[in-house]
Amino acid sequence: METKICAACGKPFTPRPQKPRQKYCSSPNCQSKRRQVWQKERLQDDQFHQENQADAQQEWLDRNPGYWKKYRSEHPEYVEQNRKKQRDRDSKTKSENLAKSDVSIQPNTLQAGLYFLRPVKIPGLAKKDVWVVEITPVEP
Ligand SMILES: [Zn+2]
């Protein structure tokens, strides 16, 4: 068996027959160094892997322009779900703002028409005799 130089302590050692590519001698310090290096490389690999994934996705989208447009037109339920999520996010922000700031009463600017009325919970507002609703035009 050939003698190698340990990558950590620099002393010569003889790799074990099962591990001909061994780079570190068997001293505990050098073995923990080996694990440290291995973990660091793993982390870097993971990062490269993630970046590659993102790149690959972007490249795929570049090669398939219009994919999302087509997908959305073929999956109206997906679009509706996304709209609903966005509405939920919007109304959350709105009610947070409402709770934070002094509410100034705007002059009535609603046009006659069809609207959705949706009950909204405002944190910190505990009036039981009123409903707080969000009004959304049926046809925006
Ligand atoms: Zn060593």
Side-chain angles (χ1 to χ4, degrees):
M1 208 70 217
E2 64 173 322
T3 299
K4 285 190 169 186
I5 299 296
C6 171
C9 66
K11 289 180 192 154
F13 72 99
T14 307
R16 284 183 291 166
Q18 315 92 294
K19 304 237 172 173
R21 287 163 63 196
Q22 198 178 338
K23 282 194 260 177
Y24 298 85
C25 74
S26 57
S27 94
N29 280 346
C30 297
Q31 286 302 308
S32 80
K33 174 77 182 164
R34 176 182 65 84
R35 278 188 290 271
Q36 253 177 34
V37 170
W38 182 81
Q39 267 172 350
K40 210 173 147 190
E41 282 172 358
R42 268 272 316 241
L43 278 178
Q44 275 174 352
D45 282 354
D46 285 355
Q47 209 178 357
F48 286 140
H49 179 74
Q50 276 171 9
E51 281 165 12
N52 281 343
Q53 284 278 96
D55 283 355
Q57 270 170 12
Q58 190 55 54
E59 274 170 29
W60 187 88
L61 280 175
D62 289 347
R63 285 197 309 273
N64 297 274
Y67 169 82
W68 279 111
K69 204 176 168 192
K70 188 164 175 288
Y71 183 88
R72 280 191 288 264
S73 75
E74 286 168 1
H75 298 81
E77 76 287 350
Y78 168 84
V79 178
E80 185 45 47
Q81 213 176 37
N82 266 2
R83 281 205 187 116
K84 189 182 173 310
K85 279 186 202 152
Q86 185 58 50
R87 274 200 301 268
D88 289 351
R89 280 193 294 268
D90 287 351
S91 74
K92 193 163 175 265
T93 316
K94 266 181 224 155
S95 46
E96 275 166 5
N97 289 342
L98 202 62
K100 262 183 253 156
S101 61
D102 294 333
V103 182
S104 61
I105 307 293
Q106 296 290 322
N108 190 354
T109 53
L110 281 181
Q111 308 267 325
L114 293 172
Y115 293 91
F116 291 119
L117 291 184
R118 210 159 63 89
V120 180
K121 283 210 177 86
I122 298 180
L125 187 77
K127 285 188 176 179
K128 282 179 187 154
D129 54 342
V130 292
W131 282 21
V132 180
V133 293
E134 184 189 358
I135 301 178
T136 319
V138 173
E139 295 287 337

Next item on the list: Give the intermediate values and the outcome of side chain to side chain donor-acceptor pair (under 3.5 Å) for residues Q50 and D46.
Entry: CA-CA 6 Å; Q50 276 171 9; D46 285 355; over 6 Å; no
Notebook entry, point to check: Judged by atom type as modelled, is there a donor-acceptor pair below 3.5 Å linking the side chain of K4 to the main-chain atoms of P20?
Noted result: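 It does hold such a pair.
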Kindly give the heavy-atom pair with the smallest separation between [X] and [Y], and that separation in Å.
X	Y	result
D88	R118	OD1-NH1, 3.8 Å
P15	Q22	CA-OE1, 3.5 Å
G10	I5	O-CG2, 3.4 Å
Y67	W60	CD1-CH2, 3.6 Å

Got a second to check how far [X]'s [atom1] is from [Y]'s [atom2], nearest 0.5 Å?
X	Y	atom1	atom2	answer
N52	Q47	CG	CD	11.0 Å
L117	E134	CG	CD	10.0 Å
D45	W38	CG	CH2	10.0 Å
I135	F116	CD1	CZ	13.0 Å
E77	K84	CD	NZ	15.0 Å
Y78	R83	OH	CZ	12.0 Å

Determine whether more than 12 heavy atoms belonging to other residues, nucleotides or ligands lie under 6.0 Å from atom [atom1] of [X].
X	atom1	result
R89	CZ	yes
L114	CG	no
K33	NZ	no

Note to self: Check R87 with E80, please: is the shortest side-chain N to carboxylate O separation under 4.0 Å?
What the structure shows: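 Between R87 and E80 there is a salt bridge, with a charged N closer than 4.0 Å to a carboxylate O.
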Item checked: Side-chain heavy atoms of C25 within contact of K11, under 4.5 Å ->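 Not in contact.
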Notebook entry, point to check: Would you say the side chains of D90 and Q86 form a donor-acceptor pair under 3.5 Å?
Noted result: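 Their side chains do contain a donor-acceptor pair, which is all the 3.5 Å distance test asks for.
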Note to self: Does either side chain, that of R34 or that of Q31, offer a donor lying less than 3.5 Å from an acceptor on the other one?
What the structure shows: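 Yes, Q31 and R34 have a side-chain donor paired with an acceptor closer than 3.5 Å.
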Notebook entry, point to check: Can Y71 be reached from L61 by stepping across I, L, V, M, F, W or Y side chains whose heavy atoms are under 4.5 Å apart?
Noted result: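 Both belong to a single hydrophobic cluster.
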